[in-house]
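Each remark here refers to the structure printed beneath this line.
Read the numbers this way: they start at 1 and go in the same order the structure lists the ligands and their atoms. Just so you know, these numbers use all the heavy atoms, side chains as well, and skip hydrogens, waters and symmetry mates.
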Amino acid sequence: MGARLAEARAAFEAGEPLDLAELSRILVGRMVTQLLGLPVDASRGDAADLEIFATGERLASIALGTTADTELPPHKIALARDIVEQLTAHIDAVFPDAHPDTVIGRCRELGLSLRETKGLSTLLMVAGTETAASAMARMAAVLYDSGEVDRLLAHPEHREDAVREALRVTSPAPLIGRSVLADVEVAGRTLRAGERVMVLTWTANNVAGAFRIDRPYLPHNRQLWFGAGRHLCLGGPLARAELAAMLEMLLGDGRGFRVVSRRYGRRVLIPAYASLVVQKV
Ligand code: HEM
């Protein structure tokens, strides 16, 4: 991602407008290509990255309208299988020899089967693309909208706090579904075994208040924007690194930026900007 970010930064610092929503899609497309060793024609540049992102988006969108049940209808399963095949077909050939320092090689060394490795690769693709791209552009928007850009320029020591706060107030995965395994009492209500519940993570995370770069870590919140328990986000450190790199690109020269125009994504699983154009001030 570094080279593409450096290229964007040079143009941005020279005063050109920059669509952060699109740049984020390109960056995470590139990240997932690297992570899974996808065979992509690098000479196609951004177009190849955007295509990978769009494939992940198509796969994730199959989950739209399925929150009430974990059983997917056959036509959705068939659609998903096609996309997964497209994304993981290359793994058959590389699985036996992939270097142990790659995701696929490490899966093999840990004793995962080819099928499990393809499953994990698919999960990384679905879980790590739209969420991270959403957070990158929305972090910039929330910094600008809250007026906190100038404070962050004056106090760069709060960069890490700003990343955490951006994750908290945006909570790109705004709700998480769970099945109740055994009857349990929560806040005076009995949840019965077999019921489905939705955990409203965005709502819970935002109780603490508005975005503030100097808000301290809230121990009771833990990092609920990354989930909790056995399914805690596997990509949390990567997501934080991506956001930190985005902040460096935006503010690294010590000057602020403004939002020139924005367009919201519609009918998406993860709330995100379709376009967010920013420019140096
Ligand atoms: C800002 C970015 C991200 C957010 C807000 C986020 C959020 C979450 C949340 C809430 C969960 C838990 C879902 C549940 O319990 O049902 C989760 C799981 C997961 N995330 Fe992330 N995620 C982000 C980025 C990433 C990245 C970059 C990757 C990897 C490339 C990733 C990989 C995963 C995986 C593999 C799981 C499933 C873990 C399991 O089920 O054991 N995530 N994520």
Side-chain angles (χ1 to χ4, degrees), residues 1 20-21 23-38 49 52-53 55-57 59-60 63 66-70 72 84 87-88 102-104 106-107 110 112 116-143 160 162-181 196-206 211 221-247 265 268-273 276:
M1 282 171 46
L20 278 185
L23 177 65
S24 305
R25 292 191 288 264
I26 292 168
L27 293 173
V28 298
R30 196 159 290 194
M31 179 276 295
V32 91
T33 300
Q34 291 279 315
L35 204 58
L36 307 186
L38 285 166
D49 301 316
I52 294 292
F53 184 88
T55 311
E57 210 174 18
L59 184 58
T66 61
T67 43
D69 200 342
T70 50
L72 289 174
V84 168
L87 288 171
T88 59
T102 61
V103 170
I104 294 168
R106 191 161 298 186
C107 285
L110 286 169
L112 269 68
E116 286 165 336
T117 302
K118 286 186 171 185
L120 179 70
S121 300
T122 307
L123 182 57
L124 289 173
M125 174 90 191
V126 172
T129 47
E130 276 183 275
T131 45
S134 161
M136 284 189 209
R138 289 171 71 197
M139 173 179 68
V142 89
L143 262 171
E160 213 179 298
V163 166
R164 188 184 58 247
E165 273 291 279
L167 283 164
R168 182 181 68 79
V169 301
T170 62
S171 292
L175 41 87
I176 299 176
R178 281 290 183 274
S179 300
V180 181
L181 283 181
R196 291 278 294 159
V197 291
M198 301 308 294
V199 183
L200 305 182
T201 43
W202 186 92
T203 310
N205 290 334
N206 277 275
F211 178 84
N221 255 72
R222 293 191 275 167
Q223 297 189 69
L224 194 56
W225 42 90
F226 286 136
R230 92 185 334 187
H231 292 286
L232 178 70
C233 178
L234 202 57
L238 173 57
R240 278 195 299 266
E242 288 174 323
L243 289 173
M246 183 58 98
L247 262 191
V268 288
L269 187 67
I270 302 293
Y273 284 103
L276 183 83

Next item on the list: Give the C-alpha distance, both sets of side-chain angles, the deciding distance and a yes or no for side chain to side chain contact (heavy atoms under 4.5 Å, CB included) between C107 and E116.
Entry: CA-CA 8 Å; C107 285; E116 286 165 336; over 6 Å; no

Margin query: How far is atom 33 (C) of ligand 1 from the closest protein heavy atom, and which atom is that?
Written below: A127 CB, 3.4 Å

Check: Of all the atoms in ligand 1, which lie at a distance below 4.0 Å from a heavy atom belonging to G227?
Finding: 10 (C)

Next item on the list: Mark yes or no for whether T201, through its side chain, and A173, through its backbone, hold a donor-acceptor pair below 3.5 Å.
Entry: yes

Checklist line | side chain to side chain contact (heavy atoms under 4.5 Å, CB included) assessment of I52 paired with M125 | finding: CA-CA 9 Å; I52 294 292; M125 174 90 191; 3.6 Å; yes

Checklist line | Heavy-atom side-chain contact between L27 and M31 under 4.5 Å | finding: no

Notebook entry, point to check: Which of the atoms of ligand 1 are close to A132, meaning less than 4.0 Å from one of its heavy atoms?
Noted result: 2 (C)

Check: Which atoms of ligand 1 are found less than 4.0 Å from any heavy atom of W225?
Finding: 5 (C), 7 (C), 10 (C)

Notebook entry, point to check: Which protein heavy atom lies closest to atom 37 (C) of ligand 1, and at what distance to 0.1 Å?
Noted result: L123 CD2, 4.0 Å

Check: Donor-acceptor pair, R168 side chain versus N205 backbone, under 3.5 Å?
Finding: yes

Next item on the list: For I176, take its heavy atoms, then give the atoms of ligand 1 lying under 4.0 Å from any of them.
Entry: 10 (C), 14 (C), 15 (O), 16 (O)

Note to self: Below a 4.0 angstrom heavy-atom separation, can you tell me which part of R178, side chain or backbone, both or neither, approaches ligand 1?
What the structure shows: side chain

Note to self: Can you tell me how far apart CD (E130) and CZ (R25) are? Round to the nearest 0.5 Å.
What the structure shows: 10.0 Å

Notebook entry, point to check: Among all protein non-hydrogen atoms, which one is nearest to atom 26 (C) of ligand 1, and what is the separation to 0.1 Å?
Noted result: G128 CA, 3.3 Å

Next item on the list: Write out the residue and atom name of the closest protein heavy atom to atom 6 (C) of ligand 1, then the distance separating them to 0.1 Å.
Entry: F226 CD2, 3.8 Å

Notebook entry, point to check: Taking the side chain from T33 and the backbone from L38, do they hold a donor-acceptor pair closer than 3.5 Å?
Noted result: no

Check: Among protein heavy atoms, which sits nearest to atom 20 (N) of ligand 1, and what does the distance come to when rounded to 0.1 Å?
Finding: C233 SG, 3.2 Å

Notebook entry, point to check: Looking only at non-hydrogen atoms, which of T170, L175, L234 approaches atom 36 (C) of ligand 1 most closely?
Noted result: L234

Margin query: Give the atom numbers and elements of ligand 1 that come within less than 4.0 Å of a heavy atom of R230.
Written below: 41 (O)

Margin query: Test of understanding: given a 4.0 Å heavy-atom threshold, classify the contact between L167 and ligand 1 as side chain, backbone, both, or neither.
Written below: side chain

Item checked: Protein contact to atom 39 (C) of ligand 1 [nearest heavy atom, distance to 0.1 Å] -> H231 ND1, 3.3 Å

Checklist line | Min N/O separation E242 to ligand 1 under 3.5 Å | finding: no

Note to self: Are H231 and I176 packed together at the side-chain level, in the sense that at least one heavy-atom pair is separated by less than 4.5 angstrom?
What the structure shows: no

Notebook entry, point to check: Can you list the ligand 1 atoms lying under 4.0 Å from a non-hydrogen atom of A135?
Noted result: 1 (C)

Check: Quick one: does L36's side chain get under 4.5 Å of L87's, heavy atoms only?
Finding: no

Check: Should Q223 and L232 be marked as a side chain to side chain contact (heavy atoms under 4.5 Å, CB included) after you check the CA-CA gap, both sets of side-chain angles, and the distance that decides it?
Finding: CA-CA 9 Å; Q223 297 189 69; L232 178 70; 5.5 Å; no

Checklist line | W225 backbone acceptor or donor facing W202 side chain under 3.5 Å | finding: no

Notebook entry, point to check: To the nearest 0.1 Å, how far is atom 23 (C) of ligand 1 from its closest protein heavy atom, and which atom is that?
Noted result: T131 OG1, 3.4 Å

